[in-house]
Amino acid sequence: MNGAVPEIRIRRLNDDEPNPAGRYVLYWMTSYRRTRFNFALERAAEWAAEFGFGVLVLEALRCDYPWASDRFHRFVLDGMQDNLEALSDRPGVTYLPYVEAETGGGRGLLEELASEAAVVVTDDYPTFFIPAMLAASASRVQVRMEAVDSNGLHPIYATAKTYPTAYSFRRYLQKSLPVHLERVPQTDPVSKLEGCPAPVLSESVLRRWPDASTLLTSVGLDLAELPVDHSVEPAEIRGGARAAKARLDAFLGSKLARYAEDRNQPDEDAASGLSPYLHFGHISTHEILGSIAQHEGWRPDFEGRPTLGKRTGWWGTSAAAEAFLDQLVTWRELGFNMAANRPDHRDYESLPGWALETLEQHSSDPRPYLYSLEVFEQGLTHDELWNAAQRQLRREGIIHNYLRMLWGKKILEWTPSPREAARVMIELNNRYALDGRDPNSYSGIYWCLGRYDRPWGPERPVFGKIRYMTSANTARKLHLREYLERYSS
DNA sequence: ATCGGCTCGCGCAA
DNA sequence: TGCGCGAAGCCGAT
């Protein structure tokens with residue numbers, strides 16, 4: 001089939017063919033939990049239009065994945081409510097939100113729904129348990145199954161290379177992005193389904209796997225009844241595509257102009273706050289870029305722009321937007337590039353050679369302080385700035401982007417080994433951060449141990465040639481008065 | 001306040 | 001083969 005979704009974004013997961021005797025196209029939404037600007041949903045809609053079928057959208061939330069908690073459940077459920085609203089009364093589409101009530105409750109659901117599908121389309125995502133889950137599912141599904149990449153502007157499988165620095169990846173992007181930007185996801189892919197019959201679910205399926213729609217709206221869902229970690233409480237910020245859009249608009253309206261100068265200042269509130277929404281797929285990079293373009297009256301035109309990897313001057317937007325796009329595109333997609341091409345990207349051994357070597361050489365240096373995971377977790381170290389950052393993470397599910405670096409550097413300094421430091425960072429980040437369990441969780445954590453960085457002298461205890469940071473210097477440099485007050489306990 | 005040295009790997013010019 | 005340059009650093013010298 002030749003549709004509008006670029007082939008480079010489509011990965012066949014099995015050798016099966018489409019089944020024209022099916023009743024619908026199944027879209028299994030796992031990572032791009034949105035109904036707009038979504039290549040995977042668009043692909044499902046293309047197949048459906050070809051067969052004259054409707055699309056069945058299955059958005060499931062299981063309860064047994066690592067670090068499942070009230071916090072992540074709440075955020076995902078907010079998103080499901082938005083998707084329910086967005087898809088109800090739309091022709092040609094049926095939305096099935098499913099919330100697993102007990103471990104294993106969802107087992108068999110995908111295969112059951114796939115047994116009546118012509119094609120199964122799902123989201124491609126290069127880390128956490130998703131790649132293994134997709135492979136396992138594809139072997140049990142008897143029709144053609146495809147994973148579609150709607151992660152970012154650069155298709156994650158467009159290169160098999162990894163890049164050792166943001167600089168080299170940026171230079172590559174400056175050459176390769178323009179062609180990919182010619183194909184952007186449709187705003188509303190479901191609109192192709194006018195005239196297609198909305199799939200109807202059988203009583204027996206719904207008896208076994210109840211539709212969670214009423215739980216999402218009128219009845220409400222009691223998280224306390226689910227077997228997930230209740231000690232990680234819901235975050236204050238609301239999840240979902242609507243909240244994401246509101247946050248984007250607020251960012252463009254009052255923060256973007258100050259972004260380049262103030263984004264590293266905790267008290268200035270100039271960061272976008274979009275990363276949790278990006279992580280759960282509640283918003284798309286393409287939509288964000290489109291909104292920036294509209295906001296600035298900018299159109300992509302890269303003719304004659306230097307492709308030397310410089311951080312400014314390539315996009316041709318305002319300086320503020322370029323600073324933001326470097327985060328959103330260069331840095332975010334750098335992490336996806338690593339995850340897509342290095343199956344070991346979560347492991348300590350995936351660090352660059354010079355970093356492994358220098359950390360090894362300093363592995364038996366005495367540590368100035370040693371803390372257990374529990375002391376770190378509660379924010380009870382001797383360092384009030386570090387404690388504040390950890391308390392923000394634990395309480396809000398967010399950690400300030402600059403302080404996150406200091407946070408990780410100090411964990412390296414205060415644990416018995418760099419391997420243990422990585423373990424502590426991964427545990428705390430993935431347990432508490434709304435944007436955890438993401439390719440960029442590992443970029444950020446391993447950056448603290450040398451990934452994407454270069455050696456710095458002079459060699460210091462514990463760190464060796466790894467870039468060193470101190471809380472005192474950080475406090476001197478940053479506006480932190482309100483921040484320290486807010487998270488003082 | 002600002003500058004250089006610390007140090008590695010890559011792409012590009014030569 | 002050499003040169004420039006890079007997520008945000010640190011420290012001591014000027």
Side-chain angles (χ1 to χ4, degrees), chain A residues 159 161-176 258-268 270-272 275 305-314 319-320 322-338 341 350-362 368 383 385-386 389 399-413 425 435 439-480 483:
Chain A
T159 175
K161 269 187 65 166
T162 58
Y163 292 82
T165 61
Y167 173 67
S168 59
F169 185 62
R170 190 182 297 111
R171 181 156 44 187
Y172 161 73
L173 283 182
Q174 290 172 348
K175 290 174 189 153
S176 63
R258 297 182 287 125
Y259 185 81
E261 302 81 57
D262 291 342
R263 64 176 295 267
N264 285 338
Q265 297 295 350
D267 283 354
E268 304 300 337
S272 76
S275 92
R305 291 265 161 67
T307 56
L308 296 166
K310 292 246 181 271
R311 265 179 302 207
T312 54
W314 184 75
E322 287 195 339
F324 178 66
L325 290 170
D326 200 48
Q327 300 302 313
L328 179 71
V329 184
T330 310
W331 278 96
R332 178 167 178 272
E333 301 194 15
L334 178 62
F336 280 82
N337 167 260
M338 179 66 74
N341 293 302
S350 67
L351 284 170
W354 70 266
L356 290 172
E357 195 179 323
T358 194
L359 287 169
E360 171 62 28
Q361 274 170 13
H362 291 268
D383 183 327
L385 179 50
W386 192 93
I399 184 167
H400 188 271
N401 52 54
Y402 190 97
L403 295 177
R404 180 177 239 155
M405 297 188 285
L406 178 70
W407 175 87
K409 294 287 184 185
K410 295 292 124 180
I411 292 174
L412 168 61
E413 195 173 0
M425 282 189 262
D435 65 1
N440 288 294
S441 300
Y442 300 97
S443 304
I445 286 165
Y446 285 120
W447 180 84
C448 297
L449 305 183
R451 176 172 293 167
Y452 300 132
D453 207 4
R454 66 182 190 277
W456 292 86
E459 271 190 71
R460 287 164 208 282
V462 185
F463 285 81
K465 298 170 187 167
I466 304 291
R467 184 195 299 252
Y468 180 70
M469 291 175 83
T470 69
S471 299
N473 276 337
T474 305
R476 209 168 298 134
K477 227 166 7 187
L478 299 188
H479 308 162
L480 282 167
Y483 187 88

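The structure displayed is predicted, hence computed values, not measured ones. All chains are named by letter (A, B, ...) in the order of the sequence lines, taking the proteins before the strands, and each is independently numbered beginning at 1.
Distance alone, capped at 3.5 Å, places no donor-acceptor pair between the K465(A) side chain and the E459(A) backbone.
Residue K175(A) is in sugar-phosphate contact alone, with no base atom involved, counting any heavy-atom pair closer than 4.0 Å across all strands shown. Across all strands, N264(A) comes closer than 4.0 Å to base atoms (heavy-atom distances).
Between the side chain of R263(A) and the base of dA8(C), at least one donor-acceptor pair of N or O atoms lies under 3.5 Å.
The Y167(A) side chain lies nearest to dC5(C) when the options are dC5(C), dC10(C), dA8(C). Nearest nucleotide to the R171(A) side chain, out of dG9(C), dG11(B), dA7(C): dG11(B).
Base pairing annotation: dG9(B) forms a Watson-Crick or G-U wobble pair with dC5(C), both donor-acceptor distances under 3.5 Å.
Between K465(A) and dC8(B), a side-chain N or O to OP1/OP2 separation shorter than 4.0 Å is present. At the phosphate of dG6(C), neither OP1 nor OP2 sits under 4.0 Å from any side-chain N or O atom of T165(A). A sub-4.0 Å separation between OP1 or OP2 of dG11(B) and a side-chain N or O of K161(A) is present. When the side-chain nitrogen and oxygen atoms of K310(A) are compared with OP1 and OP2 of dG4(C), none of them lie within a distance under 4.0 Å. Between Y452(A) and dG9(B) there is no side-chain polar atom (N or O) within less than 4.0 angstrom of OP1 or OP2. A sub-4.0 Å separation between OP1 or OP2 of dA7(C) and a side-chain N or O of R467(A) is absent.
With P as the reference atom, dG4(C) and dG4(B) are 14 Å apart, rounded to whole Å. Comparing dA7(C) with dG11(B), their P atoms are spaced 15 Å from each other, to the whole Å. If you take atom P in dG9(C) and the same atom in dG9(B), they sit 22 Å apart, rounded to whole Å. Comparing dG5(B) with dC3(C), their P atoms sit 15 Å apart, to the nearest whole Å.
Using modelled atom types, one finds no donor on one side chain facing an acceptor on the other under 3.5 Å when comparing K161(A) with Y172(A). A donor atom on one side chain and an acceptor atom on the other are found under 3.5 Å apart for S350(A) and R451(A).
Taking the nucleotide of DNA chain C with the nearest heavy atom to each of M469(A) and Q327(A), the more 5' of the two is matched to Q327(A).
Considering every non-hydrogen atom in both C448(A) and G408(A), the closest pair reads SG-CA, 3.7 Å.
Residue Y468(A) and nucleotide dG9(C) are not classified as a stacked aromatic pair, given the requirement of ring centres less than 5.5 Å apart at an interplanar angle below 30°.
Between E261(A) and R258(A) no salt bridge is recorded (no basic side-chain N to carboxylate O distance below 4.0 Å).
Remark: C1' of dG9(C) and NZ of K410(A) are 11 Å apart, rounded to the nearest angstrom.
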